[in-house]
Colleague: 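Provided herewith is a single structure, encoded as structure tokens, for subsequent inquiry.
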Amino acid sequence: MSGRTTALTPPDDAGPPVRHPDAPAPGEIIGSHYEYCFGCGPAVPHGLHLETRAGEGVRVTAEFRVKEAHQGAPGLAHGGVLATALDETLGGLGWLLRVIAVTGRLETDFVRPVPVGTVLYLDAEVLAVHGRKIYCTATGRIGGPEGPVAVRADAMFVEVKIDHFIENGRPAEIKAALADPDQVKVARAFEVNP
């Protein structure tokens with residue numbers, strides 16, 4: 001997209017993204033990585049409850065219905081909530097690359113207001129990979145997946161190891177997540193951006 005800052009422009013020697021052979025199949029729901037995630041977790045009453053689906057290539061889609069709890073100005077979605085929806089969708093791209101990655105930089109453009117009750121149709125894709133940096137972009141449309149763009153973002157995610165969460169997270173939550181007997185849930189809890 002035009003207007004991308006230097007920090008969000010992949011270097012000339014960046015490589016194309018490669019979908020991991022074990023990535024979720026196109027159309028498959030990726031699901032929540034952690035029940036208390038504000039973006040995708042089911043245990044957060046006023047969370048976004050985003051449901052992300054794997055797409056073709058290194059692309060994901062999601063839908064987000066703006067509720068009253070997501071208002072900024074009367075009757076309109078809060079810009080920070082819209083940025084969170086984009087960030088959460090972009091974070092889902094790590095599932096297709098099969099890496100743990102966190103948001104390094106997110107630049108958001110707000111194109112048109114998004115009223116309460118609106119469904120925001122989100123689409124994100126990886127553009128390039130350079131070392132640990134993953135360059136990606138996303139759009140949020142209203143009125144349908146082909147509707148007018150309401151919000152868009154360019155981002156750079158950084159691949160990290162699980163130690164990033166263990167060393168920086170609040171000990172009680174980290175301990176509880178690691179103690180879960182369901183090892184699939186433990187692995188998923190640390191697989192996308194915090």
Side-chain angles (χ1 to χ4, degrees), residues 1-4 8 17 19 23-97 101-127 134-157 185 188-189 191-194:
M1 100 194 253
S2 64
R4 182 175 285 134
L8 296 175
R19 185 187 185 102
E28 186 177 329
I29 295 174
I30 292 173
S32 173
H33 70 96
Y34 178 56
E35 65 183 313
Y36 295 106
C37 174
F38 180 77
C40 66
V44 183
H46 298 302
L48 305 187
H49 303 152
L50 220 64
E51 187 175 85
T52 304
R53 287 186 183 274
E56 298 290 335
V58 190
R59 178 178 230 119
V60 296
T61 60
E63 292 182 12
F64 162 55
R65 180 173 298 279
V66 179
K67 299 177 184 163
E68 286 187 20
H70 303 138
Q71 291 180 83
L76 297 174
H78 188 287
V81 169
L82 296 175
T84 300
L86 287 164
D87 185 48
E88 185 68 29
T89 305
L90 288 158
L93 293 165
W95 290 97
L96 304 183
L97 300 172
V102 296
T103 311
R105 185 176 180 100
L106 178 72
E107 190 171 295
T108 308
D109 294 313
F110 301 95
V111 180
R112 61 179 29 97
V114 179
V116 170
T118 299
V119 175
L120 192 64
Y121 297 87
L122 299 146
D123 181 63
E125 71 174 315
V126 178
L127 302 173
I134 302 162
Y135 296 87
C136 41
T137 190
T139 57
R141 296 173 181 271
I142 57 177
E146 303 301 320
V149 173
V151 63
R152 62 180 164 237
D154 287 321
M156 185 267 296
F157 278 63
K185 281 178 67 180
R188 287 182 63 90
E191 284 189 344
V192 296
N193 64 312

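Predicted model, so just to flag it, every value in this text is computed and none were measured.
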Colleague: Exactly one of Leu76, Val81, Thr84 should register a side-chain contact (heavy atoms from CB on, under 4.5 Å) with His70. Which one does?
Modeller: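 Only one of Leu76, Val81, Thr84 forms a side-chain contact (heavy atoms from CB on, under 4.5 Å) with His70, namely Val81.
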Colleague: How close do Thr108 and Ala153 get, heavy atom to heavy atom, and via which atoms?
Modeller: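 Reported closest heavy-atom pair: OG1-CB, 4.1 Å.
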Colleague: With a 4.5 Å cut-off on side-chain heavy atoms, are Val126 and Leu96 touching?
Modeller: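 Answer no - side chains too far apart.
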Colleague: Quick one: pull up CZ in Arg105 and CG in Leu8 and give me the separation to the nearest 0.5 Å.
Modeller: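 Result: 5.5 Å between the selected atoms.
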Colleague: Mark yes or no for whether Arg53, through its side chain, and Gly27, through its backbone, hold a donor-acceptor pair below 3.5 Å.
Modeller: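 Looks like yes, one N/O pair under 3.5 Å.
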Colleague: Measuring only between side-chain heavy atoms, which start at C-beta, is Asp87 closer than 4.5 Å to Phe157?
Modeller: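 Of all side-chain heavy-atom pairs linking Phe157 with Asp87, at least one is under 4.5 Å.
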Colleague: Which residues pass the side-chain contact (heavy atoms from CB on, under 4.5 Å) test with Ala25, not counting sequence neighbours?
Modeller: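 With sequence neighbours excluded, Ala25 shows a side-chain contact (heavy atoms from CB on, under 4.5 Å) to Glu28, given in chain and number order.
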Colleague: For Ser32 versus Pro42, what's the shortest heavy-atom pair and its separation?
Modeller: OG-CD, 3.7 Å
Colleague: Give every residue pair that meets the ring-ring contact (aromatic ring centres under 6.0 Å, His included) criterion with at least one member in residues 37-56, sequence neighbours excluded.
Modeller: none
Colleague: Which residues pass the side-chain contact (heavy atoms from CB on, under 4.5 Å) test with Pro145, sequence neighbours left out?
Modeller: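 Residues passing side-chain contact (heavy atoms from CB on, under 4.5 Å) with Pro145: Tyr121.
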Colleague: Find the distance between CG (Leu82) and CZ (Phe64) and round it off to the nearest 0.5 Å.
Modeller: 6.5 Å
Colleague: Only counting residues at least two apart or in another chain, list the ones meeting side-chain contact (heavy atoms from CB on, under 4.5 Å) with Ala62.
Modeller: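 If we apply the side-chain contact (heavy atoms from CB on, under 4.5 Å) test to Ala62, skipping adjacent residues, the hits are Leu50, Thr52, Thr89, Leu122.
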Colleague: So, for Arg19 and Gly55, which heavy atoms are closest and what is the spacing to 0.1 Å?
Modeller: NH1-O, 2.8 Å
Colleague: Working to the nearest 0.5 Å, report the span between CD1 of Ile134 and CG of Leu97.
Modeller: 5.5 Å
Colleague: So do the side chains of Ile142 and Leu120 get within less than 4.5 Å of each other, counting heavy atoms only?
Modeller: yes
Colleague: Of all heavy-atom pairs between Gly144 and Arg141, which one has the smallest distance, and what is that distance?
Modeller: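 Taking every non-hydrogen atom into account, O-CB, 3.7 Å.
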Colleague: Which pair of non-hydrogen atoms, one from Ala124 and one from Leu90, has the smallest distance, and what is that distance?
Modeller: CB-CD2, 3.8 Å
Colleague: Please list all pairs meeting salt bridge (Lys or Arg N to Asp or Glu O under 4.0 Å) that have one or both residues in residues 58-83, counting only residues at least two apart or in different chains.
Modeller: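 Every pair satisfying salt bridge (Lys or Arg N to Asp or Glu O under 4.0 Å) with a residue in residues 58-83: Arg59-Asp123, Arg59-Glu125.
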Colleague: List the atom of Gly92, the atom of Ile30, and the distance in Å for their closest heavy-atom pair.
Modeller: O-CD1, 3.9 Å
Colleague: What donor-acceptor contacts under 3.5 angstrom involve side-chain atoms of residues 111-118, with partners at least two apart or in another chain?
Modeller:
{"unit_1": "Arg112", "atom_1": "NH1", "unit_2": "Val149", "atom_2": "O", "d": "2.8"}
{"unit_1": "Thr118", "atom_1": "OG1", "unit_2": "Pro115", "atom_2": "O", "d": "2.8"}

